[in-house]
2 protein chains.
Amino acid sequence: MDVSFAVNRERPGFAGGKYPADCSSRIVLNHITSRWGVLVLLALERGTLRWGELRREVEGISEKMLASTLKTFEADGILHREAQPTVPPRVDYTLTERGREVAMRLMPLMDWIADNADDIVGER
Amino acid sequence: MDVSFAVNRERPGFAGGKYPADCSSRIVLNHITSRWGVLVLLALERGTLRWGELRREVEGISEKMLASTLKTFEADGILHREAQPTVPPRVDYTLTERGREVAMRLMPLMDWIADNADDIVGER
DNA sequence: CAGAATCCTGTGAGATACTG
DNA sequence: CAGTATCTCACAGGATTCTG
C-alpha cells in the first residue's frame, strides 16, 4: 500500500482546503455520494447495462430512485442513455468518458471498503 | 460455473461485483458518503482540528450533524477523540491510521470534482 | 420492458436553547 | 468551549399503480 504521496501535500483543490457552502463542487459531490450514486457508477463501470440489469445489479434500489439517479448523472454528462425504438423498448446506459474518470477514482475507495468493512462494523 | 451471467466478473472488491443490500460494505459506504462525512474527513486529512475549528472549516454544518458525524467515525475507528480535562475544555479530533487510509483514497476524487464541477454544473 | 405519476412515510437534518 | 436536549419539518426515498 502506497502512502507516500498523501503526507503533507499542499492541496489546491477546493480552493486550498476550504469548502464553500454554495459551490458547484458541493453539488457534484452530493450527486456522486447520493445514496445510490456510487453503486450505480460502480455497476456501470464494468460496462453498458440495461435498465432491468441495473435494477438487479444495484440490489435494493427502487424504480423511482434508479430513474432519479440516472437522470441526474445524465444531466451531469456522467452517463449516456441510448434508447432503441423497438417493441419492447430497450435502453442502454453507458458511462461517458467523464463518468469513467469518476468511477476510476471511486474504485480504490470501494476496494478498501470491501476489504475493511467487516472489521469496522464487526468491532462494534 | 454459470457462463451465461459470468461475463467478465473479475473485480475482486464487493464480492466479485455484486452489491448485497445488507452487507457491511454498504454500511461503511453510507457512513463515509453521508452528507457531511466526506467533508469532515477531508478537513481532518490536513491534521488535527478542534471542535470549533471543524465547525468553521466544514462550512454550513450544524452542531448536531457535526456531533453525529464525529461519533459515527469515532465508533468506526476512523478518527480519534482526545479531550483535555481543562477549563474551558479542549477536544482534539485526529484521523486514525484507518481514517488516513480512507482520506487518501478520497482525495483523487475530490480533486477531480474540484477541477470539473464548474463544467458539469455550468453546462446545465 | 422501461419507465411516469401518485401518494405516503421515515428520518436526516436544521434551529434554538441550555449546560458542565 | 464543546457539546447535549428538544422540537420541527422538508424532502429523500419507498410502495403502488398505470402505460406506450
Side-chain angles (χ1 to χ4, degrees), chain A residues 19-22 26-41 43-44 47-76 79-95, chain B residues 4-5 19-22 26-41 43-44 47-76 79-95:
Chain A
Y19 318 88
D22 279 327
R26 288 263 188 121
I27 297 176
V28 174
L29 177 63
N30 286 338
H31 290 177
I32 294 175
T33 62
S34 67
R35 168 129 198 225
W36 301 102
V38 173
L39 295 177
V40 167
L41 243 16
L44 286 174
T48 299
L49 288 178
R50 303 176 57 178
W51 167 276
E53 293 173 331
L54 270 169
R55 275 218 68 184
R56 263 171 276 122
E57 195 75 10
V58 184
E59 196 177 297
I61 194 170
S62 68
E63 298 194 336
K64 178 182 173 180
M65 292 317 297
L66 179 56
S68 155
T69 303
L70 290 173
K71 268 187 183 167
T72 298
F73 282 155
E74 197 192 353
D76 286 347
L79 61 78
H80 174 67
R81 176 183 188 276
E82 184 157 20
Q84 256 107 33
T86 57
V87 173
R90 174 196 175 98
V91 183
D92 290 320
Y93 293 91
T94 314
L95 290 188
Chain B
S4 61
F5 234 99
Y19 316 89
D22 279 328
R26 288 263 187 119
I27 297 177
V28 174
L29 177 64
N30 286 338
H31 290 177
I32 294 176
T33 63
S34 66
R35 169 127 200 224
W36 300 103
V38 173
L39 295 177
V40 167
L41 244 15
L44 287 174
T48 298
L49 289 178
R50 303 176 58 178
W51 167 274
E53 294 172 330
L54 269 169
R55 273 218 71 185
R56 265 171 274 121
E57 195 75 10
V58 184
E59 197 176 295
I61 195 171
S62 67
E63 298 193 335
K64 176 183 172 181
M65 291 317 298
L66 179 55
S68 154
T69 304
L70 290 173
K71 267 187 182 167
T72 298
F73 282 155
E74 196 191 353
D76 285 347
L79 62 78
H80 174 67
R81 176 184 187 276
E82 185 157 18
Q84 256 107 35
T86 58
V87 173
R90 175 196 176 98
V91 182
D92 290 320
Y93 292 93
T94 314
L95 290 187

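In what follows, chains carry the letters A, B, and so on, assigned in the order in which the sequence lines appear, proteins first and then strands, with residues in each chain numbered from 1. Values below: all heavy atoms of this structure, side chains included; hydrogens, waters and symmetry mates excluded.
- Rounded to an integer number of Å, the gap from CG of B/Asn30 to C1' of C/dT11 is 14 Å.
- Taking 4.0 angstrom as the limit, B/Trp51 places none of its side-chain polar atoms (N or O) nearer than this to OP1 or OP2 of D/dT4.
- Applying the 4.0 Å criterion to OP1 and OP2 of D/dA2, one finds that B/Arg81 has every side-chain N and O outside that range.
- To the nearest 0.5 angstrom, A/Thr48 atom OG1 is 10.0 Å from A/Leu54 atom CG.
- Rounded to an integer number of Å, the gap from A/Leu54 CG to C/dC1 P is 15 Å.
- In this structure, A/Tyr93 places its OH atom 11 Å from C1' of C/dC1, rounding to the nearest Å.
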Item to check | A/His31 and A/Asp76: CA distance, side-chain angles, deciding distance, side chain to side chain contact (heavy atoms under 4.5 Å, CB included) verdict | outcome: CA-CA 9 Å; A/His31 290 177; A/Asp76 286 347; 2.6 Å; yes

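- Projected onto DNA chain D by closest heavy-atom contact, B/Leu70 and A/Ile61 fall at different nucleotides, the more 5' of which corresponds to B/Leu70.
- Regarding B/Leu66, its CG atom lies at a distance of 10 Å from the P atom of D/dT4, rounded to whole Å.
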Item to check | Pair A/Val58-A/Leu66, side chain to side chain contact (heavy atoms under 4.5 Å, CB included): steps then yes or no | outcome: CA-CA 9 Å; A/Val58 184; A/Leu66 179 56; 5.8 Å; no

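- In this structure, CG of B/Asp92 is placed 10 Å from P of D/dG3, rounded to the nearest angstrom.
- In this entry the distance linking CE of A/Met65 with P of D/dC11 reads 14 Å, nearest Å.
- Here the P atom of nucleotide D/dA2 and the NZ atom of B/Lys71 are 16 Å apart, to the nearest Å.
- A sub-4.0 Å separation between OP1 or OP2 of C/dG12 and a side-chain N or O of A/Arg35 is absent.
- Across the interface with DNA chain C, nearest-nucleotide mapping of A/Val91 and B/Glu63 shows A/Val91 to be the residue nearer the 5′ end.
- Comparing A/Pro89 and B/Ser34 against DNA chain C, the residue whose closest nucleotide sits nearer the 5' end is A/Pro89.
- From A/Asp92, atom CG reaches atom CG of A/Leu79 across 12.0 Å, with rounding to the nearest 0.5 Å.
- The side chain of B/Arg50 places no N or O atom within less than 4.0 Å of a non-bridging phosphate oxygen (OP1 or OP2) of D/dC1.
- Dashed line: the shortest gap from a side-chain N or O of A/Arg55 to OP1 or OP2 of C/dA2 is not under 4.0 Å.
- Distances from the side chain of B/Lys64 to the nucleotides D/dG13, D/dC7, D/dG3 place D/dC7 closest.
- No side-chain heavy atom of A/Leu39 sits under 4.5 Å from any side-chain heavy atom of A/Ile61.
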